[in-house]
Amino acid sequence: FLLWATQGLQKVLAGGQASLRTVPSAGARHPFETYLIVNRVTGLEPGLCRYLPLSHQLAFLRGPAGLREGIVEGASGQEFVGEAAAVFVWSCVPYRGEWRYAERAHRVALVDIGHVCQNLYLACEALGCGTCAIGAYDQEKCDALLGLDGKDEFVIYLAPVGRA
């Protein structure tokens, strides 16, 4: 439910060239990828996953070795991030907006990621869970933890989730 609420698919448009999701996005560009660090979620294997919104599935990327320590270090030593049941980590793929919006793409991406995280807050509240948006993180460490190049795709926001 939380994944669907933040990046879920509502409708595919233009023969698969665009999509409408549960959050607004300038020009329906949806420049984000959702990664999930799973620590303690019933029914899910611990590790790093990527959300596939078109099929509403999780792709398991790797096991949990080093993830807890890595996300705490990446989140500037904030221990509670590593204690969460799961951590949502959103990356940005800037080209998805740049081809259409040029230099304005980065501005609208910042607004769009706010919509995504706001939906996480609302969905968590509906389930009796808590979250905390994290903007204080080490870019290089978080990118490396997810295996991102930091240029064509980079971490833009993260939010641990757990029982309130």
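We use all heavy atoms of the structure for the numbers below, so side chains are in, but hydrogens, waters and symmetry mates are not.
At a threshold of 4.5 Å between non-hydrogen side-chain atoms, the residues Val161 and Cys124 count as touching. Taking 4.5 Å as the limit, some side-chain heavy atom of Leu67 sits within range of a side-chain heavy atom of Arg62. Within the 4.5 Å cutoff, the side chain of Arg68 has no heavy atoms near those of the Glu73 side chain. Contact of the Trp4 side chain with the Pro53 side chain is not registered, since no non-hydrogen atoms from C-beta on lie closer than 4.5 Å. Using a 4.5 Å heavy-atom cutoff, the side chains of Gln139 and Val155 are in contact. For the pair Tyr51 and Leu2, the minimum side-chain heavy-atom distance is 4.5 Å or more. Between Pro31 and Tyr95 there is no side-chain heavy-atom pair separated by less than 4.5 Å. When side chains are defined from C-beta on, Arg50 counts as touching Leu52, because their heavy atoms get closer than 4.5 Å.
The SG atom of Cys129 sits 9.5 Å away from the CD atom of Glu125 when rounded to the nearest 0.5 Å.
A donor-acceptor contact closer than 3.5 angstrom links the side chains of Arg21 and Gln7.
Leu54 belongs to a hydrophobic cluster whose remaining members, ordered by chain and number, are Leu9, Val12; membership requires side-chain heavy atoms of ILVMFWY residues under 4.5 Å apart, directly or through intermediates.
Summarising the geometry of Asp149 relative to Asp152, their closest heavy-atom pair is OD1-N, 2.8 Å, with the distance given to 0.1 Å. Here the shortest heavy-atom pairing between Ala159 and Trp90 reads CB-CZ3, 4.0 Å.
There is a path of hydrophobic side-chain contacts, each under 4.5 Å, that joins Val81 to Leu48.
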